[in-house]
Structure formats: structure tokens, C-alpha cells
Amino acid sequence: MSIIVIDNQVVHYEVLGRGQPVLFLHGWLGSWRYWFPTMEVMAEQFRTYSFDFWGFGDSRRKQTQASIQAYADQVIRFLDELGIERVMLVGHSMGGMVALKTALNHPERILRVTTVGAPIDGNSLAWLLKLTDRPLFADAAARLPWVRRRLFRFFLGQTHQFAVGEMVDDSIKSDADTMRYAISSMWRTDLSPELERLRVPALIIHGKRDDIVNPNQLKLFAHNPMAEVLAMPHSRHFPFLDEAEQFNEVLLRFLTAGKSPSPDRIWQGLRTEHQAIAR
């Protein structure tokens with residue numbers, strides 16, 4: 001376990017592999033841990049990093065309020081502290097929203113960006129998550145760890161990852177304020193009007209069976225020349241766990257693509273199968 005201090009706050013991170021840096025960002029109630037199987041595969045060709053957002057996992061939150069903007073700032077501060085000039089970002093759910101926000105605001109620091117099950121428009125969140133914006137529900141979930149464990153297991157679905165117990169254990173480490181502020185910020189963030197400013201190649205992935213974030217978010221990128229969309233037919237909210245082999249193949253191909261943005265050419269074979277979702 002590695003730790004750095006950013007703005008007088010502890011940030012826990014992990015690193016695997018050597019080569020060009022790729023940073024993986026986790027979602028709400030999650031931690032770096034559920035990215036570990038994907039990082040192991042990508043680490044064969046890249047230096048992979050993942051950290052816990054302030055208030056989640058083993059990163060402590062003191063004065064920073066949980067929000068999409070604060071977490072995008074944390075990404076840049078993390079890169080600065082480690083001396084990483086440019087990076088490729090891969091973010092899941094809330095982390096995908098943060099990854100896209102970072103790419104929009106700091107295109108000079110981001111080479112490529114991948115979002116997985118990300119709520120580009122916060123209204124796409126399921127009603128169950130929106131309930132956490134209410135203090136009573138957030139406080140109850142914080143006081144009753146079994147509620148959060150069951151909630152996170154519902155998010156994970158029928159995954160057979162060996163570390164699922166540790167993933168669920170990490171889900172109960174955040175306090176009520178972190179849970180509520182993060183959901184509130186996601187719900188009230190809409191990045192769709194900003195997509196025309198996207199200047200880096202993007203890969204947008206959703207599970208077609210996702211019942212946490214509506215996969216109609218793919219349609220927002222239908223006419224964006226910098227983005228390619230992919231709907232994974234058998235996945236819910238965690239495509240990198242539900243269809244790991246296909247996901248890793250797709251992600252690896254995107255990350256190893258040339259510097260010039262040409263997603264249409266790279267993904268021509270996949271477009272035919274999945275183009276209906278983007279209409």
C-alpha cells in the first residue's frame with residue numbers, strides 16, 4: 001500500500017507495471033480494489049495507477065467536500081505529486097464522470113479517456129442512488145453497514161471475482177457526508193453541454209443491462225468525432241467484471257492505438273454490432 005499527502009490529506013494509491021501511465025478511477029462507494037484485475041492485465045504493457053478518492057477506501061477526507069470538481073482537482077494534484085506530465089484515464093461510474101471532467105478541463109494533461117458506466121448527465125442515475133441525497137437515508141446507510149454491503153453487492157451483481165469480499169468491505173469506509181455530497185454532486189452535474197469541447201480521443205462503454213446508470217448516455221456521443229461508443233450486451237454496471245475478457249481486449253486496443261485520434265477506424269468492426277444504441 002502506497003500513501004501520499006495532497007493538500008494535507010492522505011491519499012492511498014496502488015501501482016502495477018511499467019511503461020506509459022494509465023490511471024484508473026473508481027466509482028461511488030468503491031475503491032481502487034475492484035480495478036485490480038483489469039490493472040493486472042494492462043500492467044503487462046503499461047504502468048497502471050489507481051487511488052482512492054478522498055473519503056472513500058483508505059483515503060481520508062478532512063476539509064475537501066466530495067464533489068466531481070474536487071475529485072477532478074484531486075486527479076491533477078495526484079499527477080503533479082507523482083511527476084506525471086500526461087496520462088490516460090479510465091474511470092467507472094462516478095470515476096468516469098470525473099475522468100471526463102478532467103479531460104474537458106485539462107486536455108493538455110490527458111492523452112486518452114475511457115468512461116465505463118458513467119453518468120454524463122446526472123439525471124441518468126437510478127432512483128435508488130438519488131435517495132442517498134437525503135440526509136436520513138445517508139445517515140442510516142452510514143450507521144448500518146449491512147445496508148451498504150447489500151447495496152454494493154447489488155451493484156456488483158453476480159461477479160465471481162476472488163476479492164469480492166474485500167471490495168464490499170471497502171464500500172463501508174466512507175461516512176454519511178461523503179456518500180451524500182458525492183451523490184448530490186453527480187446528480188446535479190450535466191457534462192453533455194460541454195462535450196463539444198472534448199479534445200482527446202474517448203471511449204465510452206456501458207453495459208446494456210445497466211440498472212444503475214441509464215445506458216442511453218451513449219447517445220450523447222453519437223455525433224462527437226472524438227468519441228467511440230460501445231454497448232456490452234451481457235453487462236450491468238461493471239462491464240470489466242461481467243465481461244472481463246472482452247472488456248480487456250477492447251480497452252487494450254484503445255490504449256495502444258496511435259496518438260492521432262481515429263476512433264472510427266479503430267472501432268469499425270465493433271460499430272456495426274453496436275451502432276443501434278447510438279442512434
Side-chain angles (χ1 to χ4, degrees), residues 4 6-7 9 11-15 20-28 30-32 35 38-39 42 46-57 59 61 64-122 124 181-183 185-206 213 217 220-221 224 226-229 240 251 254-255 259 261 263:
I4 57 174
I6 299 176
D7 298 336
Q9 299 177 98
V11 174
H12 163 236
Y13 74 98
E14 299 290 342
V15 56
Q20 197 170 16
V22 181
L23 176 58
F24 291 82
L25 305 176
H26 68 80
W28 185 72
S31 70
W32 80 277
W35 276 122
T38 310
M39 291 171 65
M42 299 302 135
F46 298 96
R47 187 162 180 81
T48 62
Y49 298 83
S50 187
F51 63 72
D52 294 336
F53 285 122
W54 281 314
F56 292 97
S59 291
R61 181 182 68 86
T64 302
Q65 188 174 91
S67 71
I68 299 304
Q69 183 60 62
Y71 289 146
D73 293 341
Q74 185 182 358
V75 170
I76 297 302
R77 294 287 287 112
F78 179 82
L79 298 180
D80 290 344
E81 287 295 320
L82 268 63
I84 300 172
E85 183 176 353
R86 303 185 75 189
V87 72
M88 292 184 281
L89 289 181
V90 183
H92 171 246
S93 196
M94 180 185 77
M97 183 179 262
V98 172
L100 186 59
K101 179 69 171 176
T102 307
L104 288 167
N105 289 352
H106 301 278
E108 75 284 357
R109 304 295 299 273
I110 310 303
L111 289 166
R112 289 174 174 266
V113 60
T114 300
T115 71
V116 187
I120 310 305
D121 177 353
S124 64
Y181 292 149
I183 283 292
S185 181
M186 272 195 290
W187 189 1
R188 291 162 177 78
T189 297
D190 181 5
L191 297 180
S192 56
E194 303 181 47
L195 295 182
E196 62 183 16
R197 297 194 294 109
L198 187 61
R199 296 292 180 266
V200 303
L203 172 62
I204 314 299
I205 299 176
H206 273 271
V213 176
Q217 299 299 278
L220 299 174
F221 296 87
N224 193 307
M226 299 303 297
E228 180 64 31
V229 301
F240 49 93
L251 180 60
F254 178 71
L255 296 180
K259 292 184 178 180

### Query
Hey, does Leu100 have a side-chain heavy atom less than 4.5 Å from the side chain of Leu195?
yes
### Message
Applying side chain to side chain contact (heavy atoms under 4.5 Å, CB included) to His206 and Val213, what does each step give before you reach the verdict?
### Response
CA-CA 9 Å; His206 273 271; Val213 176; 3.9 Å; yes
### Task
For Arg188, check side chain to side chain donor-acceptor pair (under 3.5 Å) against everything at least two apart and list the hits.
Asp133, Ser184
### Query
Looking at CG of Leu82 and CG of Leu23, how far apart are the two atoms once the value is rounded to the nearest 0.5 Å?
9.5 Å
### Message
Rounded to the nearest 0.5 Å, what separates atom CZ in Phe46 from atom CG in Leu255?
### Response
5.0 Å
### Task
Measure the acute angle between the ring planes of Phe56 and His26, then classify it against the limits of 30° and 60° as parallel, tilted or perpendicular.
perpendicular
### Task
Could you please spell out the steps behind the side chain to side chain contact (heavy atoms under 4.5 Å, CB included) verdict for Tyr71 and Leu25?
CA-CA 10 Å; Tyr71 289 146; Leu25 305 176; over 6 Å; no
#### Entry: Atom pair CD/CZ of Glu85 and Arg109 - distance to nearest 0.5 Å
7.0 Å
### Query
Which heavy atom in Ser192 sits nearest to a heavy atom in Ile120, and how many Å separate them?
N-CG2, 4.0 Å
### Query
Sub-3.5 Å donor-acceptor pair from the side chain of Gln217 to the main-chain atoms of Gly117, do we have one?
no
### Message
Restricting to non-hydrogen atoms, name the atom on Ala227 and the atom on Ile204 that form the minimum distance, rounded to 0.1 Å.
### Response
CB-CG1, 4.4 Å
#### Entry: From OG1 (Thr115) to CD1 (Ile205), nearest 0.5 Å
7.5 Å
### Task
Return the minimal non-hydrogen interatomic distance between Arg197 and Leu104, and the atom names on each side.
NH1-O, 3.1 Å
### Task
Determine the minimum heavy-atom distance between Met94 and Ala182, stating which atoms define it.
SD-CB, 4.0 Å
### Message
Between Ile110 and Val87, does the side chain to side chain contact (heavy atoms under 4.5 Å, CB included) criterion hold? Intermediate values first, please.
### Response
CA-CA 5 Å; Ile110 310 303; Val87 72; 3.8 Å; yes
### Message
Measuring from atom CD1 of Ile76 to atom NE2 of His106, what distance do you get when rounded to the nearest 0.5 angstrom?
### Response
4.5 Å
### Summary
Hits for ring-ring contact (aromatic ring centres under 6.0 Å, His included) against Phe51, two or more places apart or cross-chain, chain-then-number order -> Phe53, Phe78
### Query
Do Thr48 and Trp35 have side-chain heavy atoms sitting under 4.5 Å apart?
no
### Query
Which is it for Trp54 and Asp7 under the side chain to side chain contact (heavy atoms under 4.5 Å, CB included) test, yes or no, and what are the steps along the way?
CA-CA 11 Å; Trp54 281 314; Asp7 298 336; 4.0 Å; yes
### Message
Can you give me the closest heavy-atom contact between Glu14 and Met39, atom names plus distance?
### Response
O-CE, 4.1 Å
### Query
What is the distance from atom CZ of Arg112 to atom CZ of Arg86, rounded to the nearest 0.5 Å?
11.0 Å
### Query
Would a distance-only check, ignoring hydrogens and angles, find a side-chain to backbone donor-acceptor pair under 3.5 Å from Asp52 to Trp32?
yes
### Query
Is any side-chain heavy atom of Glu196 less than 4.5 Å from a side-chain heavy atom of Asn224?
no
### Task
Identify the two heavy atoms, one from Ser185 and one from Ala66, that lie closest to each other, and give their separation to 0.1 Å.
CB-O, 4.4 Å
### Query
Any side-chain heavy atom of Met226 sitting closer than 4.5 Å to one from Arg199?
no
### Query
Checking Thr189 side chain against Gly122 main chain: does a donor-acceptor pair fall under 3.5 Å?
no
### Summary
Glu81 meets the salt bridge (charged side-chain N to carboxylate O under 4.0 Å, His left out) criterion, sequence neighbours left out, with Arg77
